[in-house]
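Down below is the structure, laid out as structure tokens.
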Amino acid sequence: PSSIQNKLGQVGGKGFGGAFAMGLVGGLIAAPCTGPFLLGLLTFVATTHDVLGGGSLLFVYALGMGVLFWALAAFAMALPKSGAWMEHGKSLGGVLLLFAAVYFVRPLVPQLRDLASPELWFAGTMGALVVIGIALGAIHKSFHGALVEKLRKATGVVLMVAGASGLWLWYDTPKHDLAWINGDEKLAFETARAQGKGVLVDFGASWCGACHDIERTFGDKDVNEAITADFIPLHFDVSDDTEANTELKARYGVATLPGVVFWSLERGALVTIRQEVSVSEMLARVHASARGLRGEVVAKCD
């Protein structure tokens, strides 16, 4: 509430005690803004179990937060005066927040990915929407003006957010689709046996971000060709936590997602991937698995 904020704003004074009191108040006010980021960092540190890396990450985070206040105190008298640029900055921030909302809701609405095309014309069209949105006034127009100006800005914001979201979806869409066999285990193994190949078993879920990243890696031309040469791609959608899906993952030795298993009909699992990998790393795993099909010894797990 404003009344409490005004009282807290008067906390402080000379010396270390005043600075300490002002810091306590600043922390109270800033907590809702910084808390979610700090929670995310702490969660990441807790999952990595890396004391040195986690401590360094939090130390850099603290430095980043402190530098902002130091710069504000040091250059307060030289800060630019308020004006239209502040409104433009708020508009840009609002557009970025709307884009972030679309980005984070994407795993919950997998149908969004179906709206994108891997073709360059789609990226060009989305880029044009961003430019048109800016030209209409997504940033420089105001919602406090006349009705025409409000409509122009609203239209501009919609086009800019749609274009930026479309560009991200284009980037996230595999550029070359594998000829997946979806869920039909018998067909995949019969096809592999008939063609003398192995089976690439991929477990994915609509809510699994790393699974989508691996799919994008599968969409690389070189990776696509390497897989197709020696493996039949089989995909299982395990978005639902059912007993059947749990048993299916256990049969292939996949406990968590993402899970990719290069499978030999004679030798079983050749290479298992349990995390997102780059294109070059994926190519190395594919080539290693292909050597395994020929009877060479390979590392079974990544």
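Residue indices begin at 1 and follow the sequence shown.
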So do the side chains of F122 and T173 get within less than 4.5 Å of each other, counting heavy atoms only?
no

Going by the ring-ring contact (aromatic ring centres under 6.0 Å, His included) test, name the single residue among F218, W180, F262 that passes it with F231.
F262

Please report the shortest heavy-atom distance between T228 and N224, naming the atom on each side.
OG1-O, 2.8 Å

Same cluster for L234 and F203 if Ile/Leu/Val/Met/Phe/Trp/Tyr side chains link at under 4.5 Å?
yes

Is a side-chain N or O of H176 found less than 3.5 angstrom from the main chain of D220, in a donor-acceptor match?
no

Side chains of residues 182-196: which donor-acceptor partners sit under 3.5 Å, not counting sequence neighbours?
| unit_1 | atom_1 | unit_2 | atom_2 | d |
| --- | --- | --- | --- | --- |
| D184 | OD1 | L187 | N | 3.1 |
| E185 | OE1 | R251 | NH2 | 2.8 |
| E185 | OE2 | R251 | NH2 | 3.0 |
| E185 | OE2 | Y252 | OH | 2.4 |
| T191 | OG1 | L187 | O | 2.7 |
| Q195 | OE1 | K197 | NZ | 3.3 |

What residues form a side chain to side chain donor-acceptor pair (under 3.5 Å) with N245, not counting sequence neighbours?
T242

So if you build clusters from Ile, Leu, Val, Met, Phe, Trp, Tyr with side-chain heavy-atom gaps below 4.5 Å, do W70 and M22 land together?
no

Any side-chain heavy-atom pair from L200 and D230 closer than 4.5 angstrom?
no

Under a single-linkage definition using a 4.5 Å side-chain heavy-atom cutoff for Ile, Leu, Val, Met, Phe, Trp and Tyr, are I273 and L270 assigned to the same hydrophobic cluster?
yes

If the test is ring-ring contact (aromatic ring centres under 6.0 Å, His included), which one of F104, Y103, F99 qualifies with W168?
Y103

Interatomic distance, L257 atom CG to C211 atom SG [nearest 0.5 angstrom]:
4.5 Å

Under 3.5 Å, side chain of S239 to main-chain N/O of S206, donor-acceptor pair present?
yes

In Å and rounded to the nearest 0.5 Å, what is the OG1 to CG distance from T125 to L120?
10.5 Å

For G133 and L159 the tightest heavy-atom approach is CA-CB, 4.0 Å

Write down the atom of G163, the atom of V130, and the distance for their closest heavy-atom approach.
C-CG2, 3.5 Å

Answer yes or no: is there a side-chain heavy-atom contact under 4.5 Å between D222 and V279?
no

What's the spacing between T217 OG1 and E281 CD if we round to 0.5 Å?
9.5 Å

Measure the shortest side-chain to side-chain distance between L248 and V254 over non-hydrogen atoms and say whether it is less than 4.5 angstrom.
no

Value for OG (S117) from CG (L169), rounded to nearest 0.5 Å, stands at 11.5 Å

Separation between CG (L167) and CG (L129), nearest 0.5 Å, reads 8.5 Å

Using atom types as modelled and distance alone, determine if a side-chain donor or acceptor of E149 lies under 3.5 Å from a backbone N or O of S142.
yes

Over all heavy atoms of both residues, which pair between E215 and H235 is shortest? Give the atoms and the distance, please.
OE2-CE1, 4.3 Å

Minimum heavy-atom distance between A138 and K153, given as atom pair plus value:
O-NZ, 2.8 Å

Identify, with sequence neighbours excluded, every residue that meets ring-ring contact (aromatic ring centres under 6.0 Å, His included) alongside W170.
none

Residues at least two apart in sequence or cross-chain that pass salt bridge (Lys or Arg N to Asp or Glu O under 4.0 Å) with D172, listed by chain then number, are R106, R113, R216

Flag yes if more than 12 heavy atoms outside F143 fall under 6.0 Å of its CZ atom; otherwise flag no.
yes

Taking R267 for the side chain and G292 for the main chain, is one N or O donor matched with an acceptor at less than 3.5 Å?
yes

Set of side chain to side chain donor-acceptor pair (under 3.5 Å) partners for R152, sequence neighbours left out:
none

Are I214 and V271 connected in a single hydrophobic cluster, I mean Ile/Leu/Val/Met/Phe/Trp/Tyr linked by side-chain heavy atoms less than 4.5 Å apart?
yes

Separation of I134 CD1 from L92 CG (nearest 0.5 Å)
8.5 Å

Is there a path of hydrophobic side-chain contacts, each under 4.5 Å between heavy atoms, that joins I227 and I232?
no

In chain order, what residues pass the side chain to side chain donor-acceptor pair (under 3.5 Å) check against K175, with sequence neighbours excluded?
none

If I compare all heavy atoms of P233 with all of A179, which pair ends up nearest, and what's the gap?
CG-O, 3.4 Å

